[in-house]
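Side-chain atoms are counted along with the backbone in the values below, which use heavy atoms only and exclude waters and symmetry mates.
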Amino acid sequence: MLVGAASSMVARTPAYRMIGDSLTVELGRVKTATDSLRILSDLMDLRPKWMSDSIGKKIVHTAICSRQDSAGLDAIRNLANLHLRNDSLLQVDLDNVYKFGESVDRDETATFVRMMQNLNRVRFINPEEKETELRRLLRKASSGHSSNIYDEIVLLHAISLYIGETAQGDLLSKYMDKLHGMIEKLRPEAYAIRNCYYVQAALTYANNDECDKSIEADRKLLQAIEDMEHGRKGANRRYRSYDANRYVIYTRLLSNYPRLNGNEVEELYKGAMAVVATDSMAATTNRISMRPQIYYAMYKKEYAEALSLLKTYIDYPYNAQIRRSLLKMMIKCAEQTGDMDALLVASRNYNEILEKTIEDRTREKFKELQIVYDINQMKAESTRKAVKMQRMFTIGAVVASVVLLVLLLIVFLLWRHARKLTQSLVDSNRALVSESANLRQAQADLVKARDDARLANRIKSDFIKNMSGEVAVPLHTINEYTNLIIDCSEAGFKPYLKHFAELVSLNSELLTSIVNDVLNLSEIDSDAVSVVMKKEPLAQLCKMAVESVKHRVLPGVEIGVEADVPDVTVYTDPRRLMQILVQLLSNAAKFTKEGRIEVSFHEDHDINMAVISVTDTGIGVTGDNAERIFERFVKLDRSSQGVGIGLAIARHLAELMGGNVTLDTTYTNGARFLVTVQLG
């Protein structure tokens with residue numbers, strides 16, 4: 001398919017691979033969604049096809065989150081081309097289209113994806129089902145109930161595809177022409193739909209021996225490629241190549257060399273050979289077909305050269321679909337060169353194919369007549385229904401007349417009643433004027449109350465910041481003096497006093513943690529949270545987090561990092577990531593009375609993330625609370641320590657760094673929290 005189909009040679013060129021690697025590094029540094037989408041779009045053009053799918057999905061996700069509809073819809077059109085053979089992925093693409101705001105671009109993109117679904121279905125449906133589906137579509141078309149132009153285009157596109165699979169001839173041309181007429185009503189920016197039609201038209205008209213229409217469609221495809229490359233249609237993509245598409249179009253046009261002028265044939269052949277010299281996909285196709293060379297030799301009347309090529313390549317599988325036309329050329333070459341053996345073989349094979357073609361065309365014509373008969377039957381049925389509807393309409397009109405008279409009487413009575421209400425409305429209007437003045441005063445009071453609330457919020461934030469400093473110093477002093485008392489006490493009392501000192505230290509730490517959580521929440525509300533991203537070894541951060549909460553673990557509970565896990569480098573703010581891990585480990589320590597608390601991690605290259613899991617054997621969290629626990633001030637156990645904001649802060653910090661914190665609801669032996677962090 002033309003739209004979004006870039007040559008794979010681009011991704012294999014070393015210079016372009018270096019550009020792709022450079023863009024990948026740059027992607028990790030950008031701050032805005034617009035810059036991310038620009039770089040991701042370039043990477044989608046530069047990377048191999050197997051990588052384009054995941055990049056395209058990232059573009060769609062980013063565009064949905066940042067409401068950049070144009071970039072997201074363009075990515076979906078490219079993904080639809082990649083997903084042509086997978087109906088379930090095409091349905092995902094269609095669902096994603098409707099996540100964007102309502103617009104003409106969205107409707108056109110949805111239409112394009114639905115046309116891709118048509119191509120997918122007609123390719124894999126069996127012959128019996130094709131005829132059944134075609135009759136269903138024709139019945140739908142004859143009913144004339146299409147809701148809009150986009151539904152009509154999708155319907156006509158499907159009918160044309162199914163007719164092309166079951167029959168050729170005038171009926172196919174009729175529906176292709178109707179489809180073309182509908183598409184021409186669309187705005188010029190609907191290039192994806194037009195290009196999809198031109199590809200189908202070029203192939204369909206060529207198979208139907210309507211060469212002039214096939215040539216016209218191919219010429220429009222070439223013009224569309226030029227427009228897209230120069231930014232006159234769609235997004236201006238710096239690294240996209242359409243050379244492989246050009247080769248196919250040049251070859252198809254050259255097959256119609258008797259209908260082209262000499263200059264055009266020369267230009268097409270020169271263009272095809274230029275593409276073969278630079279594009280690996282075109283070069284591979286050319287090696288197994290040699291079609292441009294065969295057509296050019298026939299045009300130049302170099303029959304010996306053409307015959308040599310035909311003998312070599314006519315039986316290649318790639319040329320099977322055009323074997324009949326190649327045999328016809330071979331017969332002419334053999335006659336001109338006097339090669340009687342080649343003439344005999346070619347003539348025999350050509351006659352066999354011709355007989356089969358005549359049988360197929362006869363069968364197709366019969367099918368076409370059957371289809372036309374079915375259409376006429378449908379139209380006759382529609383006419384009968386229309387007559388019946390007209391009769392019912394006449395009866396309805398009589399009934400409506402009677403109802404209208406009754407309504408007129410009711411209207412007259414209502415008018416009399418309305419006159420009585422008018423005076424009441426005048427009195428009510430006076431009351432409303434007075435009430436309006438009261439409302440304006442109330443509005444002024446509300447504005448003042450809003451301003452007072454904003455001032456109070458600022459004062460609250462300043463108070464929290466000041467309190468964190470005021471509380472931290474006394475707590476530190478309490479801990480120091482507690483330790484000093486122990487150091488100065490007699491040796492016999494030290495073990496006893498040390499127990500109380502540890503209780504003082506633990507509760508001081510808990511109080512400090514609560515104050516810090518409130519301070520973090522205040523920073524979040526004021527958008528003052530900053531992150532400094534850099535590459536860090538993940539194993540070291542996990543071990544440091546475990547060491548910082550070891551003293552909080554109850555006796556009999558083990559805590560540690562999973563052994564023998566290969567280290568991973570992540571791109572994160574180490575201080576903020578430590579804050580998240582400490583919060584999750586502290587929660588685990590709080591609710592785990594026996595067993596083990598374990599930190600582990602692994603790489604998920606599909607999403608370019610490292611996934612850290614914090615697993616405990618505590619009381620666990622039920623599935624219906626999986627999201628509720630991330631809300632502010634939510635505590636499932638009211639008797640537990642803390643104020644219920646730690647998990648909300650952890651999730652917000654993770655999202656600031658491009659990740660997330662979630663509860664693994666599939667784990668039932670306690671609780672398991674998952675943290676996603678960008679890979680370095």
Side-chain angles (χ1 to χ4, degrees), residues 164-169 172-173 202-215 217-218 247-262 264-273 275-276 281-368:
E165 289 290 314
T166 58
Q168 303 287 334
L172 178 59
S173 295
L203 294 171
T204 299
Y205 287 131
N207 292 334
N208 207 26
D209 294 330
E210 296 184 71
C211 299
D212 291 336
K213 290 184 178 180
S214 178
I215 291 171
D218 276 326
Y247 171 80
V248 174
I249 298 169
Y250 289 156
T251 302
R252 194 162 50 233
L253 282 169
L254 281 170
S255 70
N256 296 302
Y257 65 87
R259 296 175 180 270
L260 305 175
N261 62 55
E264 194 168 9
V265 172
E266 294 290 346
E267 288 297 323
L268 289 171
Y269 181 70
K270 187 187 300 181
M273 292 301 98
V275 173
V276 168
M281 186 181 297
T284 300
T285 304
N286 192 69
R287 280 196 301 272
I288 61 175
S289 69
M290 298 296 283
R291 290 185 191 177
Q293 291 88 337
I294 293 171
Y295 297 143
Y296 186 67
M298 291 298 296
Y299 162 73
K300 299 287 286 185
K301 298 183 180 179
E302 296 174 353
Y303 297 117
E305 173 67 17
L307 183 59
S308 176
L309 290 170
L310 286 165
K311 286 181 178 180
T312 303
Y313 294 99
I314 195 169
D315 292 324
Y316 275 41
Y318 189 83
N319 288 326
Q321 289 185 332
I322 61 166
R323 182 176 173 81
R324 183 173 63 124
S325 62
L326 294 180
L327 284 170
K328 189 174 180 181
M329 294 178 191
M330 192 171 180
I331 291 171
K332 184 173 182 179
C333 292
E335 289 174 344
Q336 295 294 326
T337 59
D339 189 336
M340 293 299 104
D341 291 337
L343 178 62
L344 180 62
V345 172
S347 299
R348 184 184 300 116
N349 291 334
Y350 182 74
N351 289 335
E352 290 176 358
I353 291 179
L354 194 60
E355 288 177 4
K356 186 177 184 305
T357 301
I358 293 172
E359 291 177 3
D360 291 342
R361 288 295 171 90
T362 303
R363 192 180 305 110
E364 288 170 0
K365 198 66 181 177
F366 178 71
K367 287 183 180 179
E368 183 176 332

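- Residue Lys332 qualifies as open at atom NZ: its count of foreign heavy atoms under 6.0 Å is 12 or below.
- Between the Asn319 side chain and the Ile314 main chain, no donor and acceptor come within less than 3.5 Å of each other.
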Yes or no on side-chain contact (heavy atoms from CB on, under 4.5 Å) for Gln321 and Leu203, after CA distance, side-chain angles and deciding distance? CA-CA 12 Å; Gln321 289 185 332; Leu203 294 171; over 6 Å; no

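- Side-chain contact of Arg252 with Ser255: a donor-acceptor pair under 3.5 Å is absent, judged by distance alone.
- Here the closest non-hydrogen pair linking Leu268 and Tyr250 is CD2-CD2, 3.5 Å.
- The backbone N or O of Tyr247 sits less than 3.5 Å from a side-chain atom of Thr251, completing a donor-acceptor pair.
- Arg291 approaches Tyr318 most closely through the heavy-atom pair NH2-O, 2.8 Å.
- Contact of the Asp339 side chain with the Lys311 side chain is registered, since non-hydrogen atoms from C-beta on lie closer than 4.5 Å.
- The two residues Ala346 and Ile331 come nearest to each other via the heavy atoms CB-CG1, 3.7 Å.
- Here the CG-CD distance, from Leu254 to Glu264, works out to 9.5 Å after rounding to the nearest 0.5 Å.
- Residue Ser289 comes nearest to Ile294 through the heavy atom pair O-CD1, 4.0 Å, listed as atom of the first residue, atom of the second, then distance.
- To the nearest 0.5 angstrom, Met330 atom CE is 8.0 Å from Asn349 atom CG.
- Note that OG of Ser308 and CD of Gln293 are 12.0 Å apart. Values are rounded to the nearest 0.5 Å.
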Worksheet entry | Evaluation steps, side-chain contact (heavy atoms from CB on, under 4.5 Å), between Leu310 and Met290 | CA-CA 9 Å; Leu310 286 165; Met290 298 296 283; over 6 Å; no

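- With values rounded to the nearest 0.5 angstrom, Met298 atom CE is found 11.0 Å from Leu309 atom CG.
- Atoms CG and CD, on Leu327 and Glu352 in that order, are 9.5 Å from each other to the nearest 0.5 Å.
- Nearest heavy-atom pair, Ser214 versus Ala202, reported as atom, atom and distance to 0.1 Å: OG-O, 2.9 Å.
- With 3.5 Å as the limit, one finds a donor-acceptor pair spanning the side chains of Glu266 and Tyr296.
- Atom OH in Tyr350 sits 13.0 Å away from atom CG in Leu343 (nearest 0.5 Å).
- Considering all non-hydrogen atoms of both residues, Leu307 and Cys333 come closest at CB-CB, 3.8 Å.
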For the pair Ile215 and Tyr205, evaluate side-chain contact (heavy atoms from CB on, under 4.5 Å) and give the outcome as yes or no after the intermediate values.
-> CA-CA 9 Å; Ile215 291 171; Tyr205 287 131; over 6 Å; no

